[in-house]
Amino acid sequence: MSTKPDKDPRIMVEDDRTGMDPVTLERAIYDHLFYTCAKDEHSATAHDLLTAVSHAVRDRLVHRWIRTQSSYYAHDVKRTHYLSAEYLLGRALANNLINLGMYENTRKVLARHNVDLADLLELEPDPGLGNGGLGRLAACFLDSMATLGLPAIGYGIRYEFGIFEQLIQDGWQIERRDPWLQIGSPWELPRLEYTIAVNFYGRVEQHVDERGRLCHDWVDTQQVLGIPYDLPIAGYGNNTVNTLRLWSARATRQFNLAVFNAGDFRRAVEEKTISEAISKVLYPADHTPEGKELRLRQQYFFVACSIHDIVRRYKKVHDNFDQFADKVAIQLNDTHPAISVAELMRVLVDVEKLPWEKAWELTVAATAYTNHTLLPEALERWPVPMFERLLPRHLQLIYEINQRTLRQVHIASPNDNALLQRVSIIEEGPEKQVRMAHLATIGSHSINGVAALHSELVKTKLLPDFARLYPNRFNNKTNGVTPRRWILQANPLLAAAISKRVGTNWPAQLDSVKILAGLDKDPAFIEEIRVIKQAAKERLARLVAKRCDVILDPQALFDVQVKRIHEYKRQLLNVLHAISRYLEIKRNPNCDLLPRAILFAGKAAPGYAVAKLHIKLINDVAAIINTDPAMKGRLAMAFIPNYSVSAAEIIIPGADLSEQISTAGMEASGTGNMKFAMNGALTIGTLDGANIEIREHVGHDNFFLFGLTEAEVSATKHQGYSPMEYIQASPKLKEALDYLDSGFFSPDDASRYHGLVKGLREHDPYLLCADFDDYLRAQAEVDLLYRQPNEWARKAVHNIAKMGFFSSDRSIREYADEIWGVRSLDIELPSKA
Ligand code: D6G
């Protein structure tokens with residue numbers, strides 16, 4: 001290597017170490033294999049090679065990362081701080097290769113050594129630090145913020161165990177821990193120098209300071225350390241690399257030496273175990289009451305660390321807080337980080353000694369809250385006694401915030417006690433509760449829902465009193481998904497076909513694919529789209545064969561529902577259609593019913609027994625269907641175990657039909673619906689969440705609509721819904737339910753589905769019975785259309801072409817312009833000269 005005496009060794013430029021050309025890249029990979037992994041070509045495992053490639057990519061990210069972060073400081077930019085308890089990132093390597101524009105070169109370099117990059121990518125663990133849509137949205141948003149060049153940082157928790165691995169045993173879901181960190185991750189950098197001590201418990205003392213001010217001291221606390229781990233988040237096609245900073249809990253003392261020396265080894269490490277439980281595992285359910293206190297500890301832990309970090313960074317370049325809200329935007333992803341409002345107040349008032357009014361003005365101006373669901377868990381609440389024990393000073397601050405708010409409400413609407421009770425942060429009752437959604441709403445200048453209908457329902461049904469109090473705070477930001485992962489990475493053939501027609505800018509400007517709609521009569525293009533879909537279906541069929549031991553005919557229509565298992569998402573409605581289809585073929589073996597493969601995937605919260613029973617039901621029905629010779633070539637069904645981001649990358653491109661069939665008014669947005677449509681699936685769906693907007697964009701003719709509207713659902717419930725009326729009016733529904741009830745699909749336990757059927761007949765809170773016939777009608781339309789392959793492909797093209805609006809870049813641009821006031825910054829790398 002040449003020596004360059006005139007070069008300042010502290011200034012790194014992209015050169016013989018980090019250049020992007022194949023020769024430099026090849027050298028870098030084998031350098032890392034040797035020096036980082038201490039292996040040569042004889043001893044290296046495939047995993048070593050994955051590590052070496054990842055490090056080579058990381059080096060190239062680091063250049064941009066350091067440059068980005070120092071530019072943010074140099075320009076004293078306003079930054080967004082995205083606080084989320086969940087990030088479903090998916091694997092990093094392919095995404096980084098694509099965003100840095102080095103996928104092809106890397107593939108070629110490895111091919112020269114007989115290594116298939118695609119195989120290597122499969123070895124990377126899939127960090128599942130989230131439960132479902134909310135966590136994946138956070139990941140898409142990080143990708144978009146970096147791609148738009150927005151100064152942003154994500155904050156969350158470095159769970160040692162992410163969402164459980166799902167096994168299917170005898171048709172039932174079994175949960176197994178997911179040790180994603182077991183083999184270490186090349187993508188995270190521990191930053192011990194930013195370690196923060198977080199306080200819990202203790203009590204509050206008051207004193208008057210030398211200037212006569214009443215001060216509050218939180219004393220006798222128990223401390224836990226928060227260690228940040230930084231992950232680089234690269235933008236697509238630019239030099240921006242933002243940070244995702246995840247906090248890991250560590251005990252202040254690793255063990256008590258005195259106790260250890262006295263021989264009580266268990267007690268000596270007890271404190272460590274309890275402290276570190278905080279970041280041990282992702283809260284495994286969105287709807288079970290268990291582990292409440294640990295959950296609150298998790299929330300406060302990552303919020304306290306993040307607020308501390310935000311204030312530290314601000315103070316690095318500012319002497320006072322006058323500009324705080326001009327430099328800091330804090331976005332709360334649901335109520336999980338809502339304690340941030342009280343924590344920021346504590347830091348500003350107790351630590352930084354700002355007057356209350358000033359601190360409150362800054363807090364509200366900086367904070368914004370996104371609501372993600374109308375279901376009861378949106379209204380996260382904590383018992384006051386527990387809250388007081390864990391966070392005594394925060395409870396005092398919340399009382400103060402509450403009193404001041406209620407005073408204002410009282411002035412605006414005198415003597416309306418019912419109103420005061422409704423808006424109070426404290427819910428009265430046998431056990432008082434702290435309502436986190438109220439704290440978030442009162443402490444934010446912006447409250448948004450995640451699709452047009454949902455945002456409207458937040459205003460009119462969830463928080464109507466607040467919508468009257470603060471009419472200007474409420475707004476909508478329809479969700480989006482990143483086309484980098486969901487087209488470019490997941491569906492390279494489709495990506496190439498798009499690039500051929502519209503050029504290569506579309507991944508960062510998804511609107512530009514709209515010109516594809518003009519090709520909907522171009523036979524060559526239509527044929528190409530069909531061939532691409534067919535290849536993706538074959539790939540999906542291989543996955544199903546491997547994971548489910550079910551052989552699919554790739555010519556059949558692939559009908560797919562993948563998402564968390566939940567009653568409101570109505571996987572059960574889909575199963576009832578499958579049963580009905582099965583019975584139709586049994587009754588009439590020569591009927592000309594379109595061949596279909598009905599596929600499911602998704603995890604059920606471990607404590608959600610009904611959802612777990614639905615998984616068993618899917619597997620029971622699939623077992624009968626798949627072993628019945630009469631179904632051969634006509635109907636197949638499978639439940640693909642362990643749904644994850646990487647599974648979705650294979651499943652979604654292979655779908656013909658996307659099932660988005662929630663009861664109207666219940667799915668806030670959905671983002672799976674967008675990923676399917678982008679990949680050329682047609683949607684069968686209700687007028688719910690973002691389905692409504694998708695249908696508007698792709699055209700009513702290119703969407704299979706069925707079911708009651710939200711207003712009709714409300715009215716039906718209001719009038720006293722009687723599912724039996726619908727069952728009696730629908731012979732097919734009656735038959736399907738009777739079969740299920742009879743034990744036909746559960747010969748080993750005839751009563752297994754009695755409760756489920758009884759629930760449908762008597763209550764049916766999600767209105768499956770009301771929507772069933774219309775669902776079957778829409779499914780029949782699907783069958784008809786699929787028999788006209790060109791017509792189907794033409795509609796698929798319209799779906800692909802009109803999805804520009806659903807890029808998360810559009811969502812994030814709206815957040816940046818309308819909520820955060822954060823502007824893009826171009827990052828230039830130092831020149832080689
Ligand atoms: C990331 C990238 C690194 C930077 C560090 C600290 O780890 O280059 O120095 O963040 O950033 P601040 O916390 O000071 O913003």
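Counting starts at 1 for both ligands and their atoms, following the listed order.
The nearest heavy-atom contact from the protein to atom 5 (C) of ligand 1 is R245 NH2, 3.9 Å. Taking atom 3 (C) of ligand 1 as the reference point, the nearest protein heavy-atom neighbour is R191 NH2, 3.6 Å. The shortest contact between atom 8 (O) of ligand 1 and any protein heavy atom is with I66 CG1, 3.6 Å. Here the protein heavy atom with the shortest distance to atom 14 (O) of ligand 1 is Y73 OH, 2.6 Å.
There is a protein heavy atom closer than 4.0 angstrom to atom 12 (P) of ligand 1.
The closest approach between any non-hydrogen atom of L189 and ligand 1 is not below 4.0 Å.
In terms of heavy-atom proximity, T482 sits nearest to C140 at N-SG, 3.4 Å.
A donor atom on one side chain and an acceptor atom on the other are found under 3.5 Å apart for N131 and E86.
A salt bridge does not link K280 to E276: none of the charged side-chain nitrogens sits closer than 4.0 Å to a carboxylate oxygen.
Atoms of ligand 1 lying under 4.0 Å from any heavy atom of Q69, numbered from 1 in the order shown and given with element: 2 (C). Each of the following atoms of ligand 1 lies closer than 4.0 Å to a heavy atom of T243: 1 (C). Close contacts between ligand 1 and D230 involve ligand atoms 1 (C), 7 (O), 10 (O) [criterion: under 4.0 Å to a heavy atom]. Against a heavy-atom cut-off of under 4.0 Å, K316 is close to the following atoms of ligand 1: 14 (O).
Between atom 15 (O) of ligand 1 and the options R79, R312, R313, the minimum heavy-atom separation is to R313.
Partner of E352 under the salt bridge (Lys or Arg N to Asp or Glu O under 4.0 Å) criterion, out of K358, K315, R312: K315 alone.
Ring pair F321/F324 is tilted by interplanar angle, where 30° to 60° counts as tilted.
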Report all side-chain donor-acceptor pairs from residues 147-155 shorter than 3.5 Å, counting only partners two or more places apart or in another chain.
{"residue": "T147", "atom": "OG1", "partner": "D143", "partner atom": "O", "Å": "2.8"}
{"residue": "T147", "atom": "OG1", "partner": "Y236", "partner atom": "N", "Å": "3.0"}
{"residue": "T147", "atom": "OG1", "partner": "R484", "partner atom": "NH2", "Å": "3.4"}
{"residue": "Y155", "atom": "OH", "partner": "D309", "partner atom": "OD2", "Å": "2.7"}
{"residue": "Y155", "atom": "OH", "partner": "R313", "partner atom": "NH1", "Å": "3.1"}
{"residue": "Y155", "atom": "OH", "partner": "R313", "partner atom": "NH2", "Å": "3.3"}

Atom pairs and distances, side-chain donor-acceptor, residues 338-350, under 3.5 Å, sequence neighbours left out:
{"residue": "E343", "atom": "OE1", "partner": "Y300", "partner atom": "OH", "Å": "2.8"}
{"residue": "E343", "atom": "OE1", "partner": "R346", "partner atom": "NE", "Å": "3.1"}
{"residue": "E343", "atom": "OE1", "partner": "H394", "partner atom": "NE2", "Å": "2.6"}
{"residue": "E343", "atom": "OE2", "partner": "Y300", "partner atom": "OH", "Å": "3.4"}
{"residue": "E343", "atom": "OE2", "partner": "R346", "partner atom": "NH2", "Å": "3.1"}
{"residue": "D350", "atom": "OD1", "partner": "R393", "partner atom": "NH2", "Å": "2.9"}
{"residue": "D350", "atom": "OD2", "partner": "R393", "partner atom": "NE", "Å": "2.6"}

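Proximity of the aromatic rings of Y283 and Y159 is defined here by a centroid distance below 6.0 angstrom, and this criterion is not met.
Counting heavy atoms under 4.0 Å from ligand 1, residue Y194 touches it through the side chain alone.
In this structure, CG in N448 is found 5.0 Å from CG in N475, a value given to the nearest 0.5 Å.
Looking at ligand 1, you won't find any N or O of W65 less than 3.5 Å from one of its N or O atoms.
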